[in-house]
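Throughout, protein chains are lettered first and strands after them, A, B, ... in sequence-line order, and every chain is numbered starting at 1. Computation of the quantities below employed the complete heavy-atom set of this structure, encompassing side-chain atoms and omitting hydrogens, waters and symmetry-equivalent molecules.
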Amino acid sequence: MNIVVLVKQVPDSGSERALRDSDKTVDRESASLVINEMDEYAIEEALQLRDAQGGEVTILTMGPDRATETIRKALSMGPDRAVHISDEALHGACAPQTSLVLAKALEQLEWDLVISGAESTDGRVSVMPAMLAERLNVPQLTGARKLTVDGAKLTIERQTEDGYEIVEAEGKAIVSVWDTINEPRYPSFKGIMQAKSKPVETKSLADLGISPDEVGLANATSEVLEFSPRPPKGAGVKVTDEGDGAQKLVEFLASQKIV
Amino acid sequence: MAEVLVVVEHLEGAPKKVTFEMLTAARALGEPSAVVFGAPGTADKLTEKLGEFGAQKVYVAESDDITGYLVAPKAEVLASLVERTQPAAVLLASSSEGKEVAGRLAIKIGSGIITGATEVAADGTATQVIFAGAVIVKSKVRTGTPIITVTPNAVTPVPAPATPQTEAVEVAVSDNAKLARVVDRKVESAGSRPELSEASIVVSGGRGVGSADNFSVIEGLADSLGAAVGASRAATDSGFYPHQFQVGQTGKTVSPQLYMAIGISGAIQHRAGMQTSKTIVAVNKDEEAPIFELADFGVVGDLFKVVPDATEQIKARKG
Ligand SMILES: Cc1cc2nc3c(=O)[nH]c(=O)nc-3n(C[C@H](O)[C@H](O)[C@H](O)COP(=O)(O)OP(=O)(O)OC[C@H]3O[C@@H](n4cnc5c(N)ncnc54)[C@H](O)[C@@H]3O)c2cc1C
């Protein structure tokens with residue numbers, strides 16, 4: 001079973017993140033950049049399937065040159081190779097454009113399954129797997145907390161707002177996973193060393209047959225008009241419980257007309 | 001005035017609050033037309049309520065094909081409705097499914113999409129709060145019919161009584177939209193408590209609660225306030241509380257009037273799900289816990305002392 005895992009480089013959600021004043025895109029220069037946490041669960045799921053059923057795992061990343069660091073990190077967990085789509089013209093791409101690029105790249109690869117994280121920690125848009133399923137005309141098995149592969153039949157437990165659903169499909173499919181699905185492995189020292197020599201193929205827009213005027217900030221389907229830091233909350237009140245903590249708490253709730 | 005399509009969010013015919021919030025937001029953009037998806041018989045239960053919040057029309061797309069296949073049939077029906085009605089915008093809830101339907105629709109009709117809007121202005125400008133609540137962004141769709149998903153609990157629903165016209169929509173789902181079959185659907189309900197993403201008060205417990213049994217302390221406080229119960233990921237991962245109640249980046253996003261974080265340190269991934277709450281209260285024994293940075297009121301102390309005591313006092317006040 002050949003699996004492609006979509007991996008995105010994002011600013012670390014555990015540190016300060018910002019937009020750039022110049023063009024209102026995510027500031028990647030000053031941020032510490034990491035692999036999107038949820039994608040590690042996608043990689044783990046792919047590796048477990050490969051190890052059980054054979055085949056290859058390919059990492060597919062769209063991102064600037066710097067994303068190579070993230071690709072090597074992903075490879076150090078155990079995937080076999082990577083494809084990196086990098087092109088100046090992609091800067092500021094919106095979600096529909098990104099899905100176009102990834103769909104074209106997927107058309108050039110041999111795969112049975114695409115697995116991605118259910119959302120990225122920067123945009124939290126969570127539409128990419130659905131958009132790809134739409135473009136590629138393959139089943140969408142998204143939001144999985146469990147994936148079962150039985151021959152050509154795929155079954156997921158899909159997490160929903162109200163509980164879960166059992167969803168099934170046959171053949172090639174796009175699966176997206178939540179962090180409830182598994183426990184990603186840590187890269188071993190050997191894995192880190194091997195990752196350095198694994199093949200990473202770089203592709204440009206021209207390689208994918210996409211014209212630069214179909215993508216990028218200037219052609220994006222939506223536009224950021226303005227942004228501002230959220231006004232900091234005024235410093236709150238902090239009391240230390242000396243037997244009267246509950247009373248003070250309830251008095252506060254009363255002052256807010258809650259009780 | 002142009003129509004604005006509002007995709008109704010409901011659980012088996014019971015409307016979710018976000019539906020009324022979307023109808024309210026839609027009125028700034030044009031005439032709200034509700035779109036009901038579901039099994040046959042669903043819209044009957046909803047129409048009157050949709051009218052109360054200003055729906056001028058209700059498009060009824062009822063079919064077992066809608067419920068039997070994942071996401072794609074809804075996008076297909078919406079695409080044909082958009083083509084026919086030329087709406088000013090399409091609004092959906094910013095739930096996992098709402099966003100996915102929006103995503104597929106965007107590709108089908110060649111439109112731009114904005115997710116997680118907390119506000120929508122008359123000119124279609126959407127406000128979003130990003131990066132765990134640190135930055136406010138105003139964006140606009142500039143290609144095609146704007147598709148906007150709206151965050152629950154952000155817009156205040158305002159009634160505007162109308163008597164909606166209902167119109168049955170033909171549901172002819174193509175084979176391409178039937179690739180992923182929904183074979184079973186399980187509701188894990190919150191029991192008698194309000195639903196987490198809609199609740200006006202949320203009381204959440206974290207690792208500090210220590211065990212599943214101890215969560216009764218959190219539930220007790222929640223029940224005294226008529227609140228929903230939430231949990232941090234450390235609490236759900238440790239099996240203290242079921243996963244669907246997790247608040248945060250990979251759980252639910254809540255934006256209640258009051259959020260109480262009990263035995264929760266306030267990691268950035270937790271904040272991502274609760275930072276836009278109106279009032280935040282924290283109880284934590286560590287006075288350095290980062291949750292205090294965003295708390296309007298914090299108690300440094302042992303939750304097992306403070307919380308049961310507070311619960312009793314609240315009950316006493318309420319009589
Ligand atoms: C990709 C990713 C996604 C994540 N998504 C989420 C998410 O959606 N939601 C989420 O919550 N987390 C998420 N996390 C995890 C997050 O980083 C934190 O680990 C988690 O929020 C910590 O939960 P906690 O505050 O309950 O536990 P801890 O950080 O262990 O804090 C426990 C707190 O309880 C206090 N305490 C202990 N005993 C008592 C007592 N008796 N009385 C009072 N206080 C007490 C302690 O002082 C401490 O502050 C995510 C992490 C990653 C990497």
So, the part of B:K278 with a heavy atom under 4.5 Å from chain A: the answer is backbone
SB check B:K108 A:E134 (cutoff 4.0 Å):
yes
Tell me the closest heavy-atom pair linking A:R230 and B:G133, and the distance in Å.
CD-O, 3.0 Å
Output yes when A:R158 and B:E100 qualify as a salt bridge under the 4.0 Å nitrogen-oxygen rule, no when they do not.
yes
Can you tell me how far OG1 of A:T180 sits from CD of B:Q244, rounded to the nearest 0.5 angstrom?
11.0 Å
Tell me whether A:Q256 contacts the main-chain N or O of B:T279 through its side chain, where contact means a donor paired with an acceptor under 3.5 Å.
no
Region of B:K178 that comes under 4.5 Å of a non-hydrogen atom in chain A
neither
What part of B:V129 gets within 4.5 angstrom of chain A, counting heavy atoms only: side chain, backbone, both, or neither?
side chain
Select one option (side chain, backbone, both, neither) describing which atoms of B:L105 are under 4.5 Å from chain A's heavy atoms.
neither
With a 4.5 angstrom heavy-atom cut-off, which part of B:A272 approaches chain A: side chain, backbone, both or neither?
both
Considering only heavy atoms, which portion of B:V71 lies under 4.5 Å from any heavy atom of chain A: side chain, backbone, both, or neither?
side chain
Heavy-atom cut-off 4.5 Å, strictly under: side chain, backbone, both or neither for B:T276 against chain A?
both
Check this for me: does any side-chain nitrogen of one of A:D179 and B:R233 sit under 4.0 Å from a carboxylate oxygen of the other?
yes
A:E226/B:K138 salt bridge by N-O under 4.0 Å criterion:
no
Taking A:E170 first and then B:R181, would you say they form a salt bridge - that is, a charged N and a carboxylate O separated by under 4.0 Å?
yes
Examine whether an atom of B:V281 lies under 4.5 Å from a heavy atom of chain A, and if so say whether it belongs to the side chain, the backbone or both; otherwise answer neither.
side chain
